[in-house]
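Just so it is clear, the values below take in all heavy atoms, side chains as well, and ignore hydrogens, waters and symmetry mates. Note on naming: letters A, B, ... go to the chains in the order of the sequence lines (proteins, then strands), and numbering restarts at 1 for each one.
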Amino acid sequence: MTQLAPTKHPFIADGEATAILPTGGKQKPITVIGTEAIRETFDDFCVQQAINSRLAPGVTDLVLNPDAHCGYGAPVGCVMVSPTHVYPGPVGVDIKCSMSLLQTSLPADAVVDKQTRRALIDAICERTPTGAGRGQRNAAKSRPVDEALGQRVLVEGASKGVCEALGIPPEWATRCEDSAHVGHDDSTAALALRLERLLPHAHRFADKMSQLGSYGGGNHFGECEVVEVGDDPRSQSVAETFGLVDGGVAFLSHCGSRGIGHQLATGQFKALQAKFEQWNIPLPGQDRELVYAPLGTAEADAYLDDMALGANFATVNHLLINALVLEAFQQVIPGATGQLVYFISHNIARKEIVDNRPAWVHRKGATRAYPGGHHALAGTPFAQTGHPILLPGNPQAGSAVMVADPGAVLSRYSVNHGAGRQLGRKAAKRALNQAQVDQSFNEADILSNCRHYPIDEAPAAYKDFDEVLRSVKSAGLASEVARLKARFVIKDGDKADD
DNA sequence: ATGTCC
C-alpha cells in the first residue's frame, strides 16, 4: 500500500478529545475522536489506512474513533461515508458483528454463589457453543436449523415466521437495529434470487446454517453482568426507557455472522479484486483490501445482497443466543424472565441521510449513535431518548451502556465499538503472564468457562476503557447510562472440564 | 473474524 508523508503525530487538536487529520488535498480532513493519550495509541499503519480510506473514490467523510487499530483495508474503529460507492473491506469479514444485551428479572444476589454461577456457565455452554467451525452441527440442539430454515433466516432475517420457528420472542425484533436487511433494490425478492444463485457454490451450506446459536472465537463472548445505573436523573430516566434494572442481572453477547458471513465477505473481496486486476483499475492507496463497487453496478448489487444475507444471519444468531441464554437461566433458576434491551451492530454499511442526501455509512468497528429526536428513530421505543449503545470494555473495567447526544453529528452519528486493541495477539502473548491474568480474574471473583483465560484477550491487551469512554464523553458524542460488571465470562478457550 | 490455507 502507499506510504505517504511521515505520520508521526499528524493530528491537529481542536478540542480536548477531538482533532483533525489533513490528507494534503482540498477535501474535508479526517475527523479524529480521542484525547491526546488515546491519539498516541494509533500506530502509523492504522493512520495510513485511515488516509487511504479517506482518499478512496467516492468517500466524502472519514471518522477515526478512539478504539481505532489496524483492520482490513480501513482501520477497525472508523466510519466511512460514501454517497456513490460501497466498500466491502471496510465492512469486514464478520458481516454485522454485533452486541446484544438481555436484562433478566434476577437481582445481583442470584449470581453471588459460585456453584450457581458454575451451573449457569454449564447450562449456557451446553446451548450456545464457542469456538470455530466443526462440531457445531445443530449448535442450538433444542432448535435444529436445517437448510430450508437457514435459507429463510438469510432472506427474511428476524421475521415473525423465523422467530416463531426458532422460539424467539417476536417482540424482540422491535429491539433490533435492523431486524431484517433487504436486497440492493430494497426487496426481499432480490435476496431470494441471489441466494438461489449462490447455493450451488456454497460449501457445506447446511453446516453453516446449523451454526445459528453459536458464539465463534476470537473476541466474541457472552458475559453475565450486574447492572449499575448512573446516579444522575438522566441516566435513571433513560435506563427506565431502555428496560435496564439497577442492581439486576443482565447478559451481554458479542458475536456475528459466523462461517456464512465470512464466506460471503471473502467471496466478494476475491471477486472484486479479480475485476480490478482484469480491468486494470487503480487500487485506493495501492491496497487491494480497499476494492469497491460504484452504486448501480452489478458488482455493487451483488455485494449489497451478500452483505444483507450475512447480516440477516447475524441478527437471528444473536436473537437465538439470547433465547437460549434465557432458557439456561430458567433451567438453573426457575421463574427467571428476560427482555432484550437492544441488539446493535458495529460491522455494517447502512443507507442513511448524511448532509441531507442518502449515503452508505460503513461502520467498521463503530456503533451507530442516534440521539433522541433523530428522524430515523420515529415510531421506535427510543424516539425520545435515543437508542441504547452497547460498548464492551473488558470484564474487569466493565462494559458500558451509553446514549447518544446531539454532538454525535460530528462523528456521523457513530461512536466506538469497545476498548480497541492495545497489543496485537502475538505481542499480548509475549508481554502478558498467564498466571497473573488468571489471578486477576480470581481476585475480581469473575468466573469463566475457560480453565485459563485466553491471554491475547486479557484486559491488558486492550486500551484503557475509561480513557476511551472519556474521549467519547468529552467529544460530546454520548453519555454513560450504566456500567455492566462481569460475574462470569463465556469465551472460546481451553475448557475447564478438558 | 474464519474448519485460522480450497
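- Atom C1' of nucleotide B:dT2 and atom NE2 of A:His254 are separated by 14 Å, given to the nearest angstrom.
- B:dT2 atom P lies 5 Å from atom NE2 of A:His220, rounded to whole Å.
- As judged by a 4.0 angstrom heavy-atom cut-off over every strand, A:Gly218 is placed among residues touching the sugar-phosphate backbone only.
- Within the structure, salt bridge (charged side-chain N to carboxylate O under 4.0 Å, His left out) contacts touching residues 255-275 of chain A (residues at least two apart or in different chains) are A:Lys275-A:Glu299.
- A:Gly217 comes within contact range of the sugar-phosphate backbone alone, with a heavy-atom separation under 4.0 Å but no base atom that close.
- In this structure, the CZ atom of A:Phe313 is 10 Å from the P atom of B:dT2, given to the nearest Å.
- If you take CG of A:Leu264 and P of B:dT2, they are 14 Å apart, rounded to a whole angstrom.
- Remark: the backbone N or O of A:Val401 is not paired with any side-chain donor or acceptor of A:Glu480 at under 3.5 angstrom.
- Salt bridge annotation for A:Glu327-A:Arg143: present, with a cationic side-chain nitrogen under 4.0 angstrom from a carboxylate oxygen.
- Residue A:Lys364 is classed as having no contact, given no heavy-atom separation below 4.0 Å to the nucleic acid.
- Atom P of nucleotide B:dC6 and atom CZ of A:Phe269 are separated by 15 Å, given to the nearest angstrom.
- Contacts of A:Gly92 with the nucleic acid, taken as non-hydrogen atoms under 4.0 Å apart, are absent.
- Rounded to an integer number of Å, the gap from A:Arg425 CZ to B:dT2 P is 10 Å.
- The interatomic distance linking A:Lys426 (NZ) with B:dT4 (P) rounds to 16 Å, in whole Å.
- Among residue pairs with one or both ends in residues 451-470 of chain A, those qualifying as ring-ring contact (aromatic ring centres under 6.0 Å, His included) are A:Phe441-A:Tyr453; sequence neighbours excluded.
- Comparing A:Lys270 and A:Glu457 by the nucleotide of DNA chain B whose heavy atom lies nearest to each, the residue mapping closer to the 5' end is A:Glu457.
- If you take NE2 of A:His262 and P of B:dT4, they are 9 Å apart, rounded to a whole angstrom.
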